[in-house]
Structures are given as structure tokens and as C-alpha cells.
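Report on one structure; see the data block that follows.
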Amino acid sequence: MNNIRHFIEPGDFTIEEYDEIFRLADDIIQTPEKYLDVCKGKLLASLFFEPSTRTRFSFESAMLRLGGQVVGFSDPSGSSAAKGETLVDTVRTVENYADIAVMRHPKEGAPKLASKSMTTMPIINAGDGGHLHPTQTLTDLLTIRHYKNRFDDLVIGVCGDLKFGRTIHSLVRAMSRYENVKFLFISPQELKMPDYIKDQLDKSQYTETSDLQSVIGELDILYMSRVQRERFVSEEEYLKLKDFFILDNYKMKSAKQDMIVMHPLPRINEIATEVDKDERAVYFQQTKFGMYVRMALIMTLLEVEVQ
Ligand code: NCD
């Protein structure tokens, strides 16, 4: 029926396609002037049903830097969603105006549902509830490629809210496709990695612990995350867990000299600001990779090339 490509979950692209996106992102970083007009006449709809800083700004900047234009909302209270319009009706309408849409939604599966009713417009999942966030994963992988120069043979500690952290779920799915990648899932008992993510891994691929200090020395990458307050039913439970892990300079002393610290941001308390000065802390550089990789993604889904 329709064969438009969407980007809803990390597995929607093969490893080889990821490599192509990363090569394109590299070229955009090196020679941005070649790309100034490639999306001229194209319109990106930016549909943010949940708050965002980096994801929305980087997508909108990406489209503008490719010579395209942007329409949309950053708060659904300004759209007909506030009147009770269904998501499917909203996106079917948007499809009449825009060439591509990026959507963040509090409900797991919402971008996938929306994509099923599309006939011309690719949809990009910019985060669906506590489920997945595949474009953060592209950002994370481009960062890993830059600092580690490989995706194989890595020990990756993911720390914090593994239950609700969609960036983590996506990262684990994507990185588990490479050779000899071992995960250390570091969280309090209440915020453990959900079974539906663990079930896709071999038992030998991961270890679970609640003690960051005792494992930090083994890691090539430490991926920190905030406790996802908005997904908690009880504020009391959130308050109990919010400061469970704090990465500080003292803990960093036990880490390898070439370990990198990543974080999708926003950071709340989980990384002390003193760590920002450590050259192993790459989370602000990570945000810049996010824009370039989203430029490459938009070009790929719109099938546009440099003339
Ligand atoms: C993340 C998200 O929205 O899931 N932020 C982001 O996109 N960089 C992480 C978070 O909100 O904790």
C-alpha cells in the first residue's frame, strides 16, 4: 500500500543504514555549506505534545539549516488536541501541509499509531512516553563513534531511571546489535530495567546492580539519566528515589582514564556540576551531535541529496 519510511524505533534502520546516516552527518559537520539548500521548499511539522528543549530545538534547527521550513507547536494546548481531536485526525490534517513530521507524545506507541494512517508523510518518533526515543539514540551513537571510534567491544553502564528512561531503552536496543557489547544496568530496585527490554538480550549480555561505585572502574561508557518525575504515580516515591545516584569527582576517580560520561539531558541532580570540567564528560558535546545527526535523518527520510 504505502512504502514511506518512518523512524519509530531503533530497529527501523539496519546497522548499515545507521552507518550511512553517520557518514552523512560527518560530511555535514565538515562541509555544512554544501547542505544549505537541500531541503528548500520542504516543510517539517514539529508536533510536541510533551516538553522538550534539545530534541525540538535540534530538529527545528536541523531543518532550517538544510534550507527547509518549520511549522508546529511546542504545547498541545494551542492545537485542537485541547478540544479533544484524536491524534490520528490531527496527523492526517498535518499531512496535507507538511512533508515530514516529528512527534513527541506522552503515550507509548502514539507515533507508531500515527504513522499507520500516513500516505505521504514520514513520521519521526521524538520520544513516546517511557518507551523509546530513537533519535536520541542516533545522537548517542554518533557521540560514541566520535569518542570511541567503534561500536563493538564496549562495556556500557546505564545508570538511573532504567524503568521509565526511554533514551536508555532505545540505546540498549541499538547497541545490543553490535559485537561483544556488555551492559551494566545500575539502578535502585524500584527503577530496574523492564523485562520487555531485557527479554531481547542474551543473559550473558548484562548484569544488574545498584552500586555505581563498585562497577564504575569497569566501564568504557557511563550513560547517566535523570529520574523521570513525570512518569511517577506517587510524588513520595519520586522524592525517595530522586537522589539515589549522584556522580561526582570522587566517583570519577575510580573510572578509567578514557571512560566517557554521557547524559541525554536535562540533568537534575544526578551529575554534580563539578564533573562538567572533567574532559571525560561529553554530555554537552552530545547535544551538538544531535543536530547534525537529525539533519542527516531528515535528508534520509525525505530522500534528498546534495545536487
Ligand atoms: C530525554 C527525553 O526526553 O527522554 N531528553 C532528551 O530528549 N534529550 C531525557 C529526559 O527527559 O530525561
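Whatever order the structure lists them in is the order used to number ligands and atoms, beginning at 1. Residue numbers start at 1 and run along the sequence shown.
- For atom 11 (O) of ligand 1, the nearest protein heavy atom (residue, atom name, distance) is R226 NH2, 2.9 Å.
- Separation of the Y206 and F183 ring centroids does not fall under the 6.0 Å cut-off.
- Within ligand 1, counting atoms from 1 as listed, the ones closer than 4.0 Å to a heavy atom of T55 are 6 (C), 7 (O).
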Check your understanding: Given D161 and K163, is the salt bridge (charged side-chain N to carboxylate O under 4.0 Å, His left out) satisfied, shown in steps?
Key -> CA-CA 5 Å; D161 190 342; K163 182 176 179 191; over 6 Å; no
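- Between F48 and F73, a ring centre-to-centre spacing not shorter than 6.0 Å is recorded.
- Within a 6.0 Å sphere centred on CZ of F57, other residues, nucleotides and ligands contribute 12 heavy atoms or fewer.
- Taking the six-membered ring for Trp and the full ring otherwise, F289 and H146 have centroids separated by under 6.0 Å.
- Within the structure, ligand 1 has P266 among the residues with a heavy atom less than 4.0 angstrom away.
- The aromatic rings of F151 and F22 sit tilted relative to each other, their planes meeting at an angle between 30° and 60°.
- Under a 4.0 angstrom heavy-atom cut-off, E50 registers as lying outside contact with ligand 1.
- When hydrogens are left out, the protein atom nearest atom 8 (N) of ligand 1 is P264 O, 2.9 Å; that is the closest non-hydrogen contact.
- Listed by atom number, the atoms of ligand 1 under 4.0 Å from T167 heavy atoms are 1 (C), 4 (O), 9 (C).
- Considering backbone and side-chain N/O atoms, E230 never comes within less than 3.5 Å of an N/O atom of ligand 1.
- The option with the heavy atom closest to atom 2 (C) of ligand 1, from among R166, Q136, E270, is R166.
- Between L265, V227, I268, D140, it is L265 that holds the heavy atom closest to atom 5 (N) of ligand 1.
- The aromatic rings of Y196 and H131 lie tilted to each other, with the angle between the two planes from 30° to 60°.
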